[in-house]
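This one's a predicted model, so the numbers in the text were calculated from it and none came from an experiment.
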Amino acid sequence: MSRLGPRARQRGAALLTAMLIVTLVASLAGAMVWRQYRAVQIEAADRARAQSAWILQGALDWARLILREDARANRSEPVDHLGEIWAVPLAEARLSTFLAADRNNNSAEDGPEAFLSGSLADAQAQYNLRNVLRPADPALEQRTLERLCENAGVAGGTAARLITQLRAAFAEQTDAASTAPLRPQTLEQLRWLGFTAETVERLRPYLTLLPTPTPVNLNTAPREVIAALFDGMDLASAQRLVQQRQSSPLRNLEDAKAQLPSSIVLSAERASVASSYFLVSGRLRLEERVLEERTLVRRRDLEMQVLGRERVNLQLEAGR
């Protein structure tokens, strides 16, 4: 067995040292490249988030302008119906088409593909759960909610349980250690009171939860809500009202009385032809991500007050 001389051993040690140095340099270079890549990704995500927020804020401002102009046009006779411009949804459109309208704007082709859509909905088209808390006629409000729950096909006893939970949540709490449930601010937060997501989804077309008691707008409400709102009302009568308002919107409650059975008692606290609360929905599709924002707006004369905003980030499925 041959033995390496001192010179050979020195060359072997030098080669091993060089290999270790190369490995260390490669590792450091790889780590630096990875950190740079992550920094670029984070910066791009922050930029996209900021751009999305600006675009959706612009969409909200546009919706508030439409509501203000509608209020100005109907100032002498407040009326809101589905034939007005605010009720026309904005179909998904490329933002570059709007930017291209400005010939001096060269950014239409520079940025990523972005698509914007949105809609304005009357929040008073549904029955407001706040109404069950007012003391005027709690039995009537309970019967209304029971009829709506029946139309929604939820489990029996849901209406009574919902009323009990809401009254407990919104009762005056004098004890700091009170076990009262949390006060929900939106319909989704009914899950805080122990209701399942399926129950909330079934109730969504018929119920809402607004900051104050509100009447139902007979110009925008679905027939199920109109039929449940009054004792002695049926779906057929509600459907006739819905068909009639398509060609001739209700201008006041007297117009509504002419379309309803004579036994129906109309109250301005429970029914109206105008609305103060609206839900603004905006959807921005930017590359593979979707940002949705829902905003509750209260209109008081010509003042538009933002009461709450909810933002949802979604990831598009592959291949879409």
[X] [atom1] to [Y] [atom2] distance, which is reported to the nearest 0.5 Å:
X	Y	atom1	atom2	answer
Asp122	His81	CG	NE2	12.0 Å
Leu20	Leu16	CG	CG	4.5 Å
Arg134	Asn128	CZ	CG	8.0 Å
Leu235	Asn151	CG	CG	6.0 Å
Leu120	Leu279	CG	CG	8.5 Å
Gln305	Glu303	CD	CD	6.0 Å

Quick check: does any side chain N or O of [X] sit under 3.5 Å from a backbone N or O of [Y], one acting as donor and the other as acceptor?
X	Y	result
Arg223	Val242	no
Arg68	Leu302	yes
Arg183	Ala169	yes
Arg270	Leu229	yes

Count I, L, V, M, F, W, Y as connected when their side-chain heavy atoms are under 4.5 Å apart, and connections chain through other members. Are [X] and [Y] then in the same cluster?
X	Y	result
Leu140	Leu260	no
Trp86	Val306	yes
Val280	Ile85	yes
Ile55	Phe115	no
Leu307	Leu210	yes

Could you pull out the closest heavy-atom pair between [X] and [Y], with the gap in Å?
X	Y	result
Leu266	Ala256	CD1-CB, 3.9 Å
Gly282	Leu56	C-CD2, 4.0 Å
Phe170	Pro184	CZ-O, 3.5 Å
Pro205	Pro222	O-CG, 4.1 Å
Ser272	Ala274	OG-O, 2.9 Å
Ala125	Val216	O-CG1, 4.3 Å

Going by heavy atoms in the side chains, are [X] and [Y] under 4.5 Å from each other?
X	Y	value
Asp301	Arg75	yes
Val79	Glu84	no
Leu129	Leu145	yes
Asp70	Arg299	yes
Arg283	Val290	yes
Tyr277	Thr208	no
Leu218	Ile226	yes
Leu250	Leu241	yes

Under 3.5 Å, which donor-acceptor pairs do the side chains of residues 24-31 form with other protein atoms, sequence neighbours left out?
{"from": "Ser27", "atom 1": "OG", "to": "Thr23", "atom 2": "O", "distance (Å)": "2.9"}

Next item on the list: Scan Val88, Asn217, Asn219, Thr220 and name whichever one has a side chain to side chain contact (heavy atoms under 4.5 Å, CB included) with Leu82.
Entry: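 So the option named by the test is Thr220.
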Notebook entry, point to check: Given the rule in the salt bridge (charged side-chain N to carboxylate O under 4.0 Å, His left out) test, do Arg143 and Glu146 qualify, once you have shown the distances and angles that lead to the verdict?
Noted result: CA-CA 5 Å; Arg143 291 195 298 271; Glu146 288 174 348; over 6 Å; no
Notebook entry, point to check: Run the side chain to side chain contact (heavy atoms under 4.5 Å, CB included) check on Leu207 and Val225 step by step: do they pass?
Noted result: CA-CA 9 Å; Leu207 300 181; Val225 175; over 6 Å; no
Item checked: Verdict with supporting geometry, Leu209 and Gln185, side chain to side chain contact (heavy atoms under 4.5 Å, CB included) -> CA-CA 7 Å; Leu209 184 57; Gln185 304 300 319; 5.8 Å; no
Note to self: Show every side chain to side chain donor-acceptor pair (under 3.5 Å) that has at least one partner inside residues 242-267, sequence neighbours left out.
What the structure shows: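 Not a single pair qualifies under side chain to side chain donor-acceptor pair (under 3.5 Å).
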For [X], enumerate each residue passing the side-chain hydrogen bond (donor to acceptor under 3.5 Å, both in side chains) test, keeping only those at least two apart in sequence or located in another chain.
X	result
Arg147	Asp231
Asn131	none
Glu224	none

Next item on the list: Give a yes or no on whether Glu310 atom CD has more than 12 heavy-atom contacts from other residues, nucleotides or ligands under 6.0 Å away.
Entry: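 Atom CD in Glu310 is crowded, with more than 12 foreign heavy atoms closer than 6.0 Å.
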Check: Should we say atom CD of Glu269 is surrounded by more than 12 heavy atoms from elsewhere, each under 6.0 Å from it?
Finding: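 Open.
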Next item on the list: Determine whether the side chains of Gln124 and Asp80 contain a donor N or O and an acceptor N or O closer than 3.5 Å.
Entry: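 Short answer, no.
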Per-pair distances, 0.1 Å, donor-acceptor, side chain in residues 154-168, under 3.5 Å, sequence neighbours excluded:
{"from": "Thr158", "atom 1": "OG1", "to": "Ala155", "atom 2": "O", "distance (Å)": "2.5"}
{"from": "Arg161", "atom 1": "NH2", "to": "Gly194", "atom 2": "O", "distance (Å)": "2.8"}
{"from": "Thr164", "atom 1": "OG1", "to": "Ala160", "atom 2": "O", "distance (Å)": "2.9"}
{"from": "Gln165", "atom 1": "NE2", "to": "Leu193", "atom 2": "O", "distance (Å)": "2.8"}
{"from": "Arg167", "atom 1": "NH2", "to": "Val132", "atom 2": "O", "distance (Å)": "3.3"}

Margin query: Show, in sequence, the C-alpha distance, side-chain angles and deciding distance for Arg204 and Gln126, and conclude whether the side chain to side chain contact (heavy atoms under 4.5 Å, CB included) test is met.
Written below: CA-CA 9 Å; Arg204 188 181 302 278; Gln126 286 83 31; over 6 Å; no
Next item on the list: Carefully, step by step, assess Met304 and Phe278 under the rule side chain to side chain contact (heavy atoms under 4.5 Å, CB included).
Entry: CA-CA 10 Å; Met304 304 298 132; Phe278 295 85; over 6 Å; no
